[in-house]
Amino acid sequence: MASQNQNPQDETTIDKVNTRLTEAGTKIADNRKYIFWGIGAVVVVAVFILCYLFFYRNPHTQKSYDAYNKVEISAVNDSVAAVQYKQVADKYKGDAAGNLAALSAGEALYNEGKYAEAAEYLKRFDSDDDVLNANALVLTGDCYVNLKKYDEALEYYQKAVKEADENPQIVPRTLLKEANIYDEQKKYDKALECYTTIKNDYPEFRLGNGVGIDAYIARENARLGK
């Protein structure tokens, strides 16, 4: 029994809430078959994914790594390695091992002097590792340099610099490669920018040829008449 002191407004409010809750419960009861069907569909999808991973994806991935590792162990030279890595990369395209095989195929093809084909395999490589990605981009640029496609080479070097994210070894090394191309194109102002960036942003970097970066900057300034 309701209290005699209960506020009529309170009673109205409570009644409204109870009505809404009752209506919601009725709707759930009326639509329970749809809810069950929805849950059933989720379960079916989950089972399908688990079966895919257990019966297909995981064994398939293991096979791809086995194939890649077999080449790693057995390849006797770049020529043989290139052929075998290409086979793994093509067969397991899209898999992690196929991805690595594409990188290895590109490296082997580059060492063979097959620069155009090497570039195509290198461009298929993609990784969450910035250093690996940057080095693959640099090597792709090197392919285009050897093909004398300098604009394409610059494109990949610039991508590598961005991907390397200020890595103190990769970035200045790549900027040197860019500067060499600009010198070949007689774009001495661009070459000067590369050398200056190395001097200012990567002062610890050493060229390894006994010549300091200041000598290269002086050379470009002389070419520009400064």
Side-chain angles (χ1 to χ4, degrees), residues 61-185 190-191 194-195 198 202 205-211 213 216:
T61 299
Q62 186 59 52
K63 286 181 181 178
S64 68
Y65 274 112
D66 288 344
Y68 177 79
N69 290 330
K70 184 178 179 180
V71 181
E72 286 278 279
I73 295 169
S74 64
V76 295
N77 55 50
D78 286 321
S79 180
V80 172
V83 172
Q84 294 179 344
Y85 281 130
K86 283 167 57 180
Q87 290 172 346
V88 176
D90 293 340
K91 183 174 182 179
Y92 297 102
K93 189 174 183 180
D95 285 359
N99 192 37
L100 285 173
L103 175 61
S104 297
E107 291 173 341
L109 288 163
Y110 180 87
N111 291 335
E112 279 197 284
K114 297 179 179 179
Y115 304 118
E117 192 175 8
E120 293 309 308
Y121 276 92
L122 289 168
K123 284 188 283 189
R124 284 166 52 176
F125 177 74
D126 185 47
S127 171
D128 292 332
D129 189 309
D130 292 343
V131 171
L132 280 177
N133 268 341
N135 279 319
L137 289 166
V138 170
L139 189 56
T140 307
D142 292 346
C143 289
Y144 284 116
V145 168
N146 283 282
L147 293 167
K148 300 190 183 304
K149 295 183 176 181
Y150 298 129
D151 288 338
E152 287 89 339
L154 286 170
E155 177 186 348
Y156 279 91
Y157 288 152
Q158 288 160 5
K159 287 179 180 179
V161 168
K162 184 176 180 180
E163 185 71 24
D165 193 23
E166 300 182 355
N167 181 286
Q169 291 300 317
I170 297 174
V171 173
R173 175 167 56 88
T174 308
L175 288 172
L176 285 175
K177 291 174 180 284
E178 287 188 41
N180 286 333
I181 293 176
Y182 288 131
D183 278 334
E184 180 68 22
Q185 296 176 330
K190 293 287 188 180
C194 293
Y195 292 129
I198 295 171
Y202 302 93
F205 181 74
R206 295 294 177 264
L207 300 178
N209 59 1
V211 180
I213 196 69
Y216 289 92

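This one's a predicted model, so the numbers in the text were calculated from it and none came from an experiment.
- Sorted by first and then second residue, the salt bridge (Lys or Arg N to Asp or Glu O under 4.0 Å) pairs involving residues 146-157 (not counting sequence neighbours) are Glu155-Lys159.
- The minimum heavy-atom distance linking Ile170 with Asn167 is given by the pair N-OD1, 3.0 Å.
- Considering CG of Asp126 and CG of Leu103, their distance stands at 11.0 Å, rounded to 0.5 Å.
- Contact between Pro168 and Phe205 at its shortest, heavy atoms only, is O-CD1, 3.9 Å.
- In this structure the side chain of Leu154 reaches within 4.5 angstrom of the side chain of Glu178, judged on heavy atoms.
- Of all heavy-atom pairs between Gly106 and Ala118, the closest is O-CB, 3.4 Å.
- Considering only heavy atoms from C-beta on, Leu176 stays 4.5 Å or farther from Arg173 through its side chain.
- In this structure, CG in Asn146 is found 15.0 Å from NZ in Lys114, a value given to the nearest 0.5 Å.
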>> Evaluate Val145 against Lys177 for side chain to side chain contact (heavy atoms under 4.5 Å, CB included), listing each step before the verdict.
In response: CA-CA 9 Å; Val145 168; Lys177 291 174 180 284; over 6 Å; no
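- In this structure, Tyr156 has its ring center closer than 6.0 angstrom to the ring center of Tyr144.
- Put simply, the side chain of Asn135 does not reach to within 4.5 Å of the side chain of Leu139, judged on heavy atoms.
- Considering all non-hydrogen atoms of both residues, Phe125 and Ala136 come closest at CD2-CB, 3.7 Å.
- With values rounded to the nearest 0.5 angstrom, Leu137 atom CG is found 9.0 Å from Thr174 atom OG1.
- Inter-residue side-chain proximity for Arg124 and Asn99 is flagged as unmet; no heavy-atom pair is nearer than 4.5 Å.
- Take Tyr195 and apply the ring-ring contact (aromatic ring centres under 6.0 Å, His included) test, not counting sequence neighbours, and it matches Tyr216.
- Going from atom CG of Leu122 over to atom CD of Glu107 covers 7.0 Å, rounded to the nearest 0.5 Å.
- Closest heavy-atom contact between Asn133 and Glu163: ND2-OE2, 3.4 Å.
- Put simply, CG on Asn180 and CG on Leu175 are 11.0 Å apart, with the number rounded to the nearest 0.5 Å.
- To the nearest 0.5 Å, atoms OG (Ser79) and CG (Asn111) are separated by 11.5 Å.
- Using modelled atom types, no side-chain atom of Asp130 and backbone atom of Ala164 make a donor-acceptor pair closer than 3.5 Å.
- Taking the side chain as every heavy atom from C-beta outward, Lys86 and Glu117 approach each other to under 4.5 Å.
- Residue Lys123 qualifies as enclosed at atom NZ: its count of foreign heavy atoms under 6.0 Å is above 12.
- Scanning for ring-ring contact (aromatic ring centres under 6.0 Å, His included) contacts around Tyr157 gives an empty result, with sequence neighbours left out.
- Looking at every heavy atom in both residues, Ala160 comes nearest to Ala134 through CB-O, 3.6 Å.
- Here the side chains of Cys143 and Tyr110 are in contact, with some heavy-atom distance below 4.5 Å.
- Judged by distance alone, the side chains of Asp90 and Tyr121 do bring a donor and an acceptor atom under 3.5 Å apart.
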